[in-house]
Amino acid sequence: MEPITIFSLEQSPDVADVERRLGISRRDFLKFCAAMAATMGLPAGAEAAIAAAVANPARRPSVIWLHFQECTGCSESLLRAEHPTLEKLILDVISLDYHETLFAAAGHQAEAARRAAMAEHKGKYLLVVEGAIPTKENGIYCKIGGQTAIDMLKECAADAAAVVAIGSCASWGGMPSVGPNPTGASSAGAVLGKPVVTIPGCPPNPYNFLSTVVHYLTFGKLPALDHLGRPKFAYGRLVHENCERRPHFDAGRFAGEFGDEGHRLGWCLYKLGCKGPETYANCPVIGFNDIGEVSWPVGCGHPCIGCTEQGVGFTKPIHALADLKSVKPPLGYPHISEPRGSGASLAAVATVGALAGAVAGATWAINRNLGEKLEVEKTQPEHEAKS
Ligand code: FSX
Ligand code: SF4
Ligand code: F3S
């Protein structure tokens, strides 16, 4: 039998029907599936399998979506995707059988619909959890239909095929868990006492959620996860590794304050507290709202606050300097947070750099640039400074 290719799918009735269902052309749909396969780092041929699975309406998994302590930003970002494809695809790819804020039903009717969907799709539905779960005083700080969030989560998780914690609140506690954490806000995994898939971010990128669900839909299993339950395709790299301002970091060109010339020229935001060097997320690669590469925090001129990362987002002061996880200069090197114009002498840096060998050589180059550039900044208008 001929293998299914993305080209042969163009003529399939299911794919043709996508035009009617989603209001996008077959070509755009197939391109979208190919891009999604590439984002997840899947081998050749996966794009056709994805397109065939997504186009088949019979494959839609039932999804029960719970809301606890949060701002509903996760659902909002999903539904406010600027480009119509993403929002439509999400609602087309899944059968959303319970979602408190989108449901037309209310009260007993809504709860009855949830239990009916759970019974009908026992062992097969996906449980998506948005928001942290308050655990103090037996969970009385969040109740839905007379049930605490703790009880509702445990009831819904019992027969779920997989549990996906969407957003930082459900993934690790997020904003509601920040000290002094008066309600004992906890993650879905901590309350259930078992690992769950986590898609952190406040809000997370809807594309990462969709890709995870599509992977499950197509291959019947979840994508590869890291030790925190995060899909590796989305959280395997630091923001800093893919940031478009990284060449400025390496060359020692930093914005010193909001609105200064460096900031206006799009220089690195490290000194304004950017947490990209200690935050794992693919924001610079895929952006938000499908409107181009600048649509992510650093692209818009604001430092990354580390919203995906426990212990960084909502915990470290916004303007505190990030730990450099991938480029950490030894103590003998000039300090990267040196006040403008006061770096260590180039001779001292060069001596340490020469001793440090090939790998550390890259770090030496960065620090040398730091010192040189700071000198340039003092003597020359910034727009004339050579890179
Ligand atoms: Fe809000 Fe979601 Fe932040 Fe939390 O996103 S955007 S507070 S991660 O649970 O609704
Ligand atoms: Fe980009 Fe921030 Fe890293 Fe600078 S510190 S390169 S702005 S991620
Ligand atoms: Fe959050 Fe930083 Fe991305 S603030 S959205 S992880 S760039």
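Counting convention: from 1, in listed order, for ligands and their atoms alike.
Proximity of a side-chain donor or acceptor of Thr198 to a complementary backbone N or O of Leu228 within less than 3.5 Å is detected. Tyr235 places a side-chain N or O within donor-acceptor distance of the main-chain N or O of Pro200, the cut-off being under 3.5 Å. The closest donor-acceptor contact from the side chain of Ser168 to the backbone of Cys307 lies under 3.5 Å. Remark: the backbone N or O of Gly45 is paired with a side-chain donor or acceptor of Glu47 at under 3.5 angstrom. Under the 3.5 Å distance criterion, the side-chain polar atoms of Trp267 are left unmatched by any main-chain donor or acceptor of Gly252. Counting only distance, with no hydrogens or angles, the side chain of Arg245 and the backbone of Val298 share a donor-acceptor pair below 3.5 Å. A donor-acceptor pair is defined here as one N or O able to donate and one able to accept, closer than 3.5 Å; such a pair exists between the side chain of Thr135 and the backbone of Gly184. Listed for the Glu70 side chain is a donor-acceptor partner under 3.5 Å among the backbone atoms of Thr72. With hydrogens and angles disregarded, no donor-acceptor distance shorter than 3.5 Å links the side chain of Tyr98 to the backbone of Met118.
Closest to atom 4 (S) of ligand 3 among all protein heavy atoms lies Ile305 N, 3.2 Å. Summary of contacts: the protein heavy atom closest to atom 3 (Fe) of ligand 3 is Cys283 SG, 2.3 Å. In this structure, the protein non-hydrogen atom closest to atom 2 (Fe) of ligand 1 is Cys74 SG, 2.3 Å. If you check which protein heavy atom lies closest to atom 10 (O) of ligand 1, you get Gly73 N, 2.7 Å. Given atom 2 (Fe) of ligand 3, the protein heavy atom at minimum distance is Cys304 SG, 2.4 Å. The shortest contact between atom 4 (Fe) of ligand 1 and any protein heavy atom is with Cys169 SG, 2.3 Å.
Proximity of Val298 to ligand 3 is not established, as no heavy-atom distance is less than 4.0 Å. Within the structure, the closest approach of Gly201 to ligand 1 falls below 4.0 Å when heavy atoms are considered. Ala170 does not count as a contact of ligand 1, since none of its heavy atoms falls under 4.0 Å from the ligand. For Gly174, the heavy-atom gap to ligand 1 stays at 4.0 angstrom or more. Ligand 3 lies nowhere less than 4.0 angstrom from a heavy atom belonging to Gly201.
Heavy-atom neighbours of Lys124 NZ from other residues, nucleotides or ligands within 6.0 Å: at or below the threshold of 12.
The ligand atoms of ligand 1 that sit less than 4.0 angstrom from a heavy atom of Gly167 are 8 (S). Which parts of ligand 3 touch Thr308 is read off a 4.0 Å heavy-atom cut-off, strictly below it: atoms 6 (S). Counting atoms of ligand 1 from 1 in the listed order, those under 4.0 Å from a heavy atom of Cys71 are 1 (Fe), 6 (S), 7 (S), 10 (O). Atoms of ligand 1 found under 4.0 Å from any heavy atom of Glu70 (numbered from 1 in listed order, with element): 2 (Fe), 4 (Fe), 9 (O), 10 (O). Atoms of ligand 1 found under 4.0 Å from any heavy atom of Cys202 (numbered from 1 in listed order, with element): 3 (Fe), 6 (S), 7 (S), 8 (S). Taking every heavy atom of Trp296 and a limit of under 4.0 angstrom, the matching atoms of ligand 3 come to 7 (S).
Note: no N/O pair closer than 3.5 Å links Pro204 and ligand 1 by distance alone. For Thr72, a nitrogen or oxygen atom sits less than 3.5 Å from a nitrogen or oxygen atom of ligand 1, counting backbone and side chain alike. The shortest N or O to N or O distance between Gln69 and ligand 1 is not under 3.5 Å.
Trp296 is listed as a side-chain neighbour of Val239, based on a closest heavy-atom distance under 4.5 Å. Side-chain contact between Thr148 and Cys142 is absent, with no heavy atoms from C-beta onward closer than 4.5 Å.
Of the options Lys275, Lys316, Arg230, a salt bridge (charged side-chain N to carboxylate O under 4.0 Å, His left out) to Glu309 is made by Arg230 and by none of the others.
Only the side chain of Thr279 comes within 4.0 Å of ligand 3, counting heavy atoms alone; its backbone N, CA, C and O stay farther away. With a 4.0 Å cut-off on non-hydrogen atoms, Cys307 touches ligand 3 through its backbone as well as its side chain.
Listed here is the closest heavy atom pair of Asp97 and Ala117: CB-CB, 3.6 Å.
A salt bridge links Asp28 to Lys31: at least one charged side-chain nitrogen sits closer than 4.0 Å to a carboxylate oxygen.
Taking a cut-off of 2.8 Å, the protein N, O or S atoms nearer than that to atom 2 (Fe) of ligand 2 are Cys274 SG.
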Next on the checklist: Run Ser75 and Glu130 through side-chain contact (heavy atoms from CB on, under 4.5 Å) and show every step you take.
Outcome noted: CA-CA 8 Å; Ser75 294; Glu130 181 174 350; 2.7 Å; yes
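For the atom pair Glu278 CD and Leu324 CG, the distance stands at 8.5 Å (nearest 0.5 Å).
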